[in-house]
Amino acid sequence: MDIILKYFPNLTDKQKAQFAALYDLYLDWNSKINVISRKDIENLYTHHVLHSLGIAKVISFKPGSSIMDVGTGGGFPGVPLAILFPETRFLLVDSIGKKIKVATEVSNAIGLENISFRHCRAQEEKGKFDFVVSRAVMPLEELVKIIKKNVSKEQQNSLPNGLICLKGGELEGEVAPFRKYAEIDDLSNFFSEDFFETKKVVYLPL
């Protein structure tokens, strides 16, 4: 939990309590439904929560914004972002029902009121959102084809509406079709831990 406060020192008491509760909740749910590798659960705050919050280092969502998290798994990046931006609405989508169950139960347990869930493939969701976020669910080109229909034309944030992805490793080939307008930020510019050396945030206005 200290690592979250290191980079996000201005949290409210409610947000601190919500973030602090995540470890025990995920530990418990992970023992029933495996959403995080068993070896990695002790790194929950660095590898999953802080990683998710990397998106907040490139954009601060305005109150009233709406975000869809595609392939959320156990709730990343959607749950940490929903804690950080309580006045932004989040829809978390995953095609695997038991993963959505974990994310739902964790959110209910910490009293998140700005979040909803849908067990479906992203292709089936027809709603419009300011941004679509995801964490390494599929290659960018595939993802853009699926979610382009979901990006609203009405702008209200500091960045034009689009897709914000957490990615790792070598991205040149993947980003090549979008290189004229893709913006790539190294998370190592924001977070000093070794885990973030190869981690990036990719933003595509759509």
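Hydrogens, waters and symmetry mates are skipped; everything else that's a heavy atom, side chains included, is used.
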Side-chain donor-acceptor pair present, N150, E125, cut-off under 3.5 Å: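 No, no side-chain donor-acceptor pair sits under 3.5 Å.
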
Donor-acceptor contact present, side-chain [X] to main-chain [Y], <3.5 Å:
| X | Y | answer |
| --- | --- | --- |
| E142 | P139 | no |
| K199 | G169 | no |
| N114 | A82 | yes |
| N161 | V151 | no |

Between [X] and [Y], is there shared hydrophobic-cluster membership here, with clusters defined by ILVMFWY side-chain heavy atoms closer than 4.5 Å?
| X | Y | answer |
| --- | --- | --- |
| Y7 | Y23 | yes |
| M138 | I96 | no |
| V175 | V132 | yes |
| L91 | V102 | no |
| L166 | L206 | no |

Taking atom [atom1] of [X] as the centre, does the number of heavy atoms from other residues, nucleotides or ligands within less than 6.0 Å exceed 12?
| X | atom1 | value |
| --- | --- | --- |
| E172 | CD | no |
| E113 | CD | no |
| K98 | NZ | no |
| K128 | NZ | yes |
| R38 | CZ | yes |

Are [X] and [Y] close enough that some pair of their side-chain heavy atoms sits under 4.5 Å apart?
| X | Y | answer |
| --- | --- | --- |
| I67 | F129 | no |
| S158 | I59 | yes |
| L50 | I4 | yes |
| V49 | F76 | yes |
| H48 | P80 | no |
| Y203 | F131 | yes |
| F19 | L53 | yes |
| D130 | K62 | no |

Between atom [atom1] of [X] and atom [atom2] of [Y], what is the distance when rounded to the nearest 0.5 Å?
| X | Y | atom1 | atom2 | answer |
| --- | --- | --- | --- | --- |
| I83 | F90 | CD1 | CZ | 10.5 Å |
| L5 | N10 | CG | CG | 10.0 Å |
| M68 | L92 | CE | CG | 10.5 Å |
| L27 | I41 | CG | CD1 | 5.5 Å |

V133: which of V201, L163, I164, V70 passes side chain to side chain contact (heavy atoms under 4.5 Å, CB included):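 Checked V201, L163, I164, V70 against V133; only one passes side chain to side chain contact (heavy atoms under 4.5 Å, CB included): I164.
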
Short N-O contact, K145 and E141, less than 4.0 angstrom: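 Looking at E141 together with K145, the answer is no, because their closest N to O distance does not fall below 4.0 Å.
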
Quiz item: cation-pi between K6 and F191, 6.0 Å / 45°: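 So K6 doesn't make the cation-pi contact.
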
F195/H47 under ring-ring contact (aromatic ring centres under 6.0 Å, His included): CA gap, chis, key distance, verdict: CA-CA 7 Å; F195 174 75; H47 293 187; 4.0 Å; yes

Nearest heavy-atom neighbours spanning L143 and C165: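 Looking at all heavy atoms of both residues, the shortest contact is CD2-SG, 3.7 Å.
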
Whether F61 and F85 hold their rings parallel, tilted or perpendicular, with breakpoints at 30° and 60°: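 Rings of F61 and F85: perpendicular, over 60°.
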
